Engineer: 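Following this message is one structure expressed as structure tokens.
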Amino acid sequence: MGRTSASSLSSSSSAAANSASPMRVLLQGQYGIVLLLKFLSSFGYFGLALVLVLRLTDELHFSDSLAGWLFGIFGMSISVSSYVSGRIADRIGIRRALILGSSITGVARLWLATTDNQTVCIVLLCTLLPFGESFSLPVLSTAVGATSTPGTRKFAFGLFYSTMNFAVLVSGPVIDYLRMRQGSTVFGIHIASANKCVFTVCAFAAFLSVAVAHLCLENLKSDRKARSSINGSDSDSVSSNDGHHHHHHQTQRLSGPAGSSSGCSSGNNGLPLWCAASLSGSSDQARFRRFSLLVILLIGVRIIFRHLDATFPKYAVRAFGESVPFGLFYSVNPLVIILLVPFFSRDGSHGSASSKQSSSSSNSGVVGSVLSYVVQLSSLDAIHLGCWLSTASVFTMALSQSLLGALGFVVLLSVGEALWSPRFYEYIYEVSPPGREGEYFAFSNLPLFLPKLLSGAMSGYMLQVFCPEAPCVQGQAMWLWIGISCMPFAIGISLWKPLLLAPSPLPDTVHNSSPNGKAELAAGG
């Protein structure tokens, strides 16, 4: 009886939430503060990443190869540290974790901005800075889940991702402006080194995050924990984000059978997530293996994105001259994301006849047909298509060493990213066990940061061989090899897509929130 009343309460609250726009519902709580923290975190991280290789080679006098390795090790260290920081965040809470991570990040960035010692730089890039940075994505992603409802979550993650890209959009012109003003005075401050100035601004963003989290953010707790305690450890009553249809379903968690604690339970002696999953039932094991396979296959497309940080700025300077505004080209990526993600994140599965008629009338023509097709895609289909578009983008640079070729590379890369990346975030939160969201988002960082090691090492070697100095005469060959090296990952997603869609050997959850809901769950589970 308690479970029935809780289900009715969930349905009525979801219906009330759906009567208002998702934005209005979200901004009534702490979601706006989370978006501000995401902006500051992304501005600092991507701003630093964009000039890191230039600072290492031009000012600290590292070779192209060593600078690439350091860039890669820095990214890999974030990936390794994120598992630890995710567990810490699950224990101490979202607010304290954000304060801790931002404090460490701010100190490390400021230290890097002021030191000219190569040894100190290496130590910071391999230890303190990546540990601080590793708190950002898993903690803020969990905060989005905690400040949204099932009916607004898809929109919340789409806007969250757009906020990150808005921060990148701002960081590019800021970097170009500081580079143009190098040697002059801005607001009474003499800019002797534009790269050092960028690092200082990024440090300030981290310290501002500390202040915002301390003064404005409440102690957030995932609503999934509360629903788990009400509905049982292995069941959730979830309503779709359509106000007219509600779907109630049982959820078999990755953490194990009902009655066990979520994630790595004490029965598993606190083993890491992947170890605990391998010790649970055969259904859990199969589901986690599929999840892991998808995460690994996404490494290829993330390598291309990391070349936008590690390779493109240095390549652009050597191919097109010191005055090239590579920050402006870099900003094209978030601009495309901001414009496309809201359309790609719409719910095209349900809706009243009037809303569908309105949508069809406003989205007529080829563009409307494409958008209608995209919003109906399952999570795996969107990831599949987006990865292929992003992989193909690098070949535009191989065809033409020109500013137009560079623009085509960034635009096509960005369209693919707008397709797959937000849907990947949404999927991770839905499949993670209550109370273990931080660890699942941390594990998902594999396709976000681990490719930095590969792209960093490849970047340094490629630049040293094909583009050692200006003018760069073999840039097309360099980008061709980069594209060929990433192609097997996209092919792997196509070849193993039937396996990722295969049903579990034991009954699993079926997400019925879209026509392709069964495919979405099988892909995720």
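Reckoned from all heavy atoms, side chains included, excluding hydrogens, waters and symmetry mates. Just so it is clear, the structure is predicted and the values come from calculations on it, not from any experiment.
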Engineer: Return the orientation label for the W479 and Y315 ring planes: parallel under 30°, perpendicular over 60°, tilted otherwise.
Structural biologist: perpendicular
Engineer: Show the nearest heavy-atom pair for residues S148 and A156, with the distance to one decimal.
Structural biologist: CB-CB, 3.8 Å
Engineer: Taking all heavy atoms of S42 and all of A167, pick out the closest pair and write down the distance.
Structural biologist: CB-CB, 3.7 Å
Engineer: Which heavy-atom pair separates A382 from L419 by the least distance, and what is that distance?
Structural biologist: CB-O, 3.7 Å
Engineer: Quick one: does S390's side chain have a donor or acceptor within less than 3.5 Å of a partner on C387's backbone?
Structural biologist: no
Engineer: Quick check for you: to the nearest 0.5 Å, what is the distance between L453 atom CG and I303 atom CD1?
Structural biologist: 9.5 Å
Engineer: Which pairs count as salt bridge (Lys or Arg N to Asp or Glu O under 4.0 Å) when at least one residue sits in residues 316-337, sequence neighbours excluded?
Structural biologist: D64-R318
Engineer: Hey, does the side chain of R179 reach the backbone of G327 with a donor-acceptor pair shorter than 3.5 angstrom?
Structural biologist: no
Engineer: Quick test of your reading of the model: are R306 and D309 salt-bridged, counting only N-O distances below 4.0 Å?
Structural biologist: yes
Engineer: Between atom CZ of F131 and atom CD1 of I104, what is the distance when rounded to the nearest 0.5 Å?
Structural biologist: 5.0 Å
Engineer: Checking side chain to side chain contact (heavy atoms under 4.5 Å, CB included) between V332 and each of I337, L407, L169, which is the one that passes?
Structural biologist: L407
Engineer: Can you establish whether the number of heavy atoms outside Y461 located under 6.0 Å from its atom OH is more than 12?
Structural biologist: no
Engineer: How close do T200 and A113 get, counting heavy atoms only, and between which atoms?
Structural biologist: OG1-CB, 3.5 Å
Engineer: When rounded to the nearest 0.5 angstrom, what distance separates NZ in K196 from OG1 in T115?
Structural biologist: 8.0 Å
Engineer: Measure centre to centre between the rings of Y330 and F312, then say whether the value is under 6.0 Å.
Structural biologist: no
Engineer: Looking at E417 and N333, would you say the former's side chain and the latter's main chain have a donor-acceptor pair under 3.5 Å?
Structural biologist: no
Engineer: State the CE-OG distance between M458 and S65, to the nearest 0.5 angstrom.
Structural biologist: 12.5 Å
Engineer: Under the 3.5 angstrom rule, does the side chain of T396 hit a backbone N or O of S393 as a donor-acceptor pair?
Structural biologist: yes
Engineer: Answer yes or no: is there a side-chain heavy-atom contact under 4.5 Å between F326 and L54?
Structural biologist: yes
Engineer: Does some side-chain heavy atom of W388 sit less than 4.5 Å from a side-chain heavy atom of I491?
Structural biologist: yes
Engineer: H384 and S494: side-chain donor and acceptor closer than 3.5 Å?
Structural biologist: yes
Engineer: Please report the C-alpha distance between V144 and Y31 in whole Å, then the side-chain angles of each, then the deciding distance to 0.1 Å, and finally whether the side chain to side chain contact (heavy atoms under 4.5 Å, CB included) criterion is met.
Structural biologist: CA-CA 7 Å; V144 172; Y31 181 73; 4.1 Å; yes
Engineer: What is the minimum heavy-atom distance between V51 and N195, and which atoms define it?
Structural biologist: CB-OD1, 3.7 Å
Engineer: Side chain to side chain contact (heavy atoms under 4.5 Å, CB included) for Q476 and W481? Distances and angles first, verdict last.
Structural biologist: CA-CA 9 Å; Q476 290 173 263; W481 280 109; over 6 Å; no
Engineer: Would F135 and T105 count as a side chain to side chain contact (heavy atoms under 4.5 Å, CB included) here? Give the steps.
Structural biologist: CA-CA 9 Å; F135 280 87; T105 300; over 6 Å; no
Engineer: Working note: F62 + I122, criterion side chain to side chain contact (heavy atoms under 4.5 Å, CB included); need CA distance, chi angles, decisive distance, verdict.
Structural biologist: CA-CA 11 Å; F62 287 100; I122 292 173; 4.0 Å; yes
Engineer: If I take atom SG from residue C121 and atom CG from residue L60, how far apart are they, to the nearest 0.5 angstrom?
Structural biologist: 5.0 Å
Engineer: Check whether any side-chain N or O of S134 sits under 3.5 Å from a backbone N or O of S85 as a donor-acceptor pair, and report yes or no.
Structural biologist: no
Engineer: Hey, are the side chains of L454 and I299 touching, using non-hydrogen atoms and a 4.5 Å cut-off?
Structural biologist: yes
Engineer: Going by ring-ring contact (aromatic ring centres under 6.0 Å, His included), F166 matches just one of F39, F46, F43. Which one?
Structural biologist: F39
Engineer: Going by the angle between their ring planes, with limits at 30° and 60°, are F157 and F160 parallel, tilted or perpendicular?
Structural biologist: perpendicular
Engineer: Quick one: are F71 and L125 in side-chain contact, heavy atoms under 4.5 Å?
Structural biologist: no
Engineer: Taking the side chain as C-beta and beyond, is there a heavy-atom pair between L48 and R109 under 4.5 Å?
Structural biologist: yes
Engineer: Can you confirm whether V336 sits close enough to N165 that some side-chain heavy atom of one is under 4.5 Å from a side-chain heavy atom of the other?
Structural biologist: no
Engineer: Are any of the side-chain heavy atoms of T311 and M462 separated by less than 4.5 Å?
Structural biologist: no
Engineer: Please check if the side chain of S41 supplies one atom and the backbone of K38 the other of a donor-acceptor pair under 3.5 Å.
Structural biologist: no
Engineer: How long is the straight-line distance from OG1 of T127 back to CD1 of I73, given to the nearest 0.5 Å?
Structural biologist: 12.0 Å
Engineer: Where is the tightest heavy-atom contact between A67 and V53, given as atom of each residue plus distance?
Structural biologist: CB-CG1, 4.5 Å
